[in-house]
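What follows is a set of notes on a single structure, which appears directly below.
Every chain is numbered from 1 and lettered A, B, ... according to where its sequence line falls, protein lines coming before strand lines.
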There are 2 protein chains.
Amino acid sequence: MLRLSKMTDYGVVVMGRLASRPDERQSAADVAANTGLPPATVGQVLKALATGGLVSGTRGAQGGYLLSRRPEAISVAEIVVALDGPVAITACVEGADDPCSVEATCLLKGSWDAVNIAIEDALKQVTLADMLAPLFQFNPPPTELREATP
Amino acid sequence: MLRLSKMTDYGVVVMGRLASRPDERQSAADVAANTGLPPATVGQVLKALATGGLVSGTRGAQGGYLLSRRPEAISVAEIVVALDGPVAITACVEGADDPCSVEATCLLKGSWDAVNIAIEDALKQVTLADMLAPLFQFNPPPTELREATP
DNA sequence: ATCTATTTGGACCAATCTACTCCTATTGGC
DNA sequence: GCCAATAGGAGTAGATTGGTCCAAATAGAT
C-alpha cells in the first residue's frame, strides 16, 4: 500500500521532540518517555539519525542528542533516507538484482525513475518545521500545506 | 525504503502486455507466458485489476482479458490502488487503529496528509501510455518524463 | 442441451522483512 | 576511577507479502 516504515514515522516524532527543546540535550530514554514510544526502538532511531548527520549525540553523563540543524533546514526526505535508505519505488530503480525475466518489459524502468523522482521531490519540499507547524508556531503559517489538508 | 509492492510492478507489466495487443483477448496463462512472470500470480493480478475496473475479463472458451480503457486514460495511481489499495504513507493517514500514544505528537497527521497528497498526484499524472512509451511509439514522445529520466 | 475450456473467487502456505529487544564496547563528566 | 549515556552489533518474534492450489461459475462449441 505504498507505506513507509514505522521507523520513519517514529523518526519525525522523535525529531519533533528534539525540536521542541532546541537547547536541551535529551537522552534516548528521555525522548522515549515524552513520546510514549518503545525506549529501545527510540534509541535505534536516534542512532540512525546520528549516522545520517541529522542529530549529534554526545556520550557520557549528562549526554544526549541535539538537532544538528534548524528544523527549517531539515527535509522529510532526509529523515526517510536516514531511516529507510534511499527512496526506491521499485526494484528496478536502484541497482538491485531483480528477476526482470524478459528484457523488453524492463524498458519500463526509465518511467519508474520519473515517478520516483517526483515522489522524492515531494518529500524534499516539506521541511521538519512544516511538519511541526500545527504544534508550535514557528514562523508564518504552513501555507501550501494548510490548503492541501482537508 | 518506501517501496511499492511487487504486485503493482507486475501490474504495470501485465497491463503493458494487454496494451500491446489491444484487440486480442489474452488469457492469464497467455500473459504469463509472454512476460515470464509466475502464472498463478499473474492470474491474481488480473483478478485484482478486473475488480478495479481496469480490465474486463470474459470467461469460457476463447475467453481472456481486455483493457477496459485506452492506455492514455489509465493512470499509474489507478493501478496502484487496484493492487495495493489506497495510497497511505503512514498509519495515521487512513483511519487505521494505530498506537499514537501521545495525542500531541499526532498533530503531525495533517502534515503527513499533505505529503501523501503530493505523492498521489505524482502517480496520477503518469499514464500507462507514458510508462509504455519507450516500448511502443504510441503518440508524441513522453515529454516531461523524458527529461526527468537520467 | 450437454460438454468442455477458461475465468473467478476463495482459502492456504512459505519466505521475507520489520519492529523490537538485548548485550557489549566506548566515551565523557563528576 | 566510577557512573551515565551513546554506539554498534547480533538476535528474535510477529506481521506481511508473494506465490500456489482447489472448487465454483460461466460462456462457447458440439
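Separation of atoms OH (Y65(A)) and CG (L54(A)) is listed at 12.5 Å; rounding is to 0.5 Å.
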Heavy-atom protein contacts under 4.0 Å, nucleotides 18-30 of chain C, coded B base, S sugar-phosphate only, - none: -SBB----BBBS-
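Taken residue by residue, residues 48-55 of chain B places no heavy atom nearer than 4.0 Å to DNA chain D.
Using modelled atom types and a 3.5 Å distance limit, the side chains of R17(B) and Q26(B) yield a donor-acceptor pair.
Two residues are said to be in side-chain contact when any heavy atoms from C-beta on lie closer than 4.5 Å; L83(B) and L49(B) meet this criterion.
At the heavy-atom level, A28(B) lies under 4.0 Å from the strands shown only through sugar-phosphate atoms.
Here the side chain of S68(A) pairs a donor or acceptor atom with the backbone of G53(A) at under 3.5 angstrom. The backbone N or O of A73(B) lies less than 3.5 Å from no partner atom in the side chain of T127(B), so there is not a single donor-acceptor pair.
L66(B) approaches D23(B) most closely through the heavy-atom pair CD1-C, 4.5 Å.
In 5' to 3' order, the nucleotides of DNA chain D bounding all contacts with chain B (an atom under 4.0 Å from a heavy atom) are dG18(D) to dG28(D).
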Would you check, one step at a time, whether the test side chain to side chain contact (heavy atoms under 4.5 Å, CB included) holds for Y10(A) with V42(A)? CA-CA 8 Å; Y10(A) 290 174; V42(A) 169; over 6 Å; no
Evaluation steps, side chain to side chain contact (heavy atoms under 4.5 Å, CB included), between L37(A) and V45(A): CA-CA 11 Å; L37(A) 303 178; V45(A) 168; over 6 Å; no
Set out, in order, the CA-CA distance, both residues' side-chain angles and the distance that settles side chain to side chain contact (heavy atoms under 4.5 Å, CB included) for V87(A) and V80(A), then state yes or no. CA-CA 8 Å; V87(A) 176; V80(A) 171; 4.1 Å; yes
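In this structure, R69(B) pairs ionically with E78(B), as a charged nitrogen and a carboxylate oxygen lie closer than 4.0 Å.
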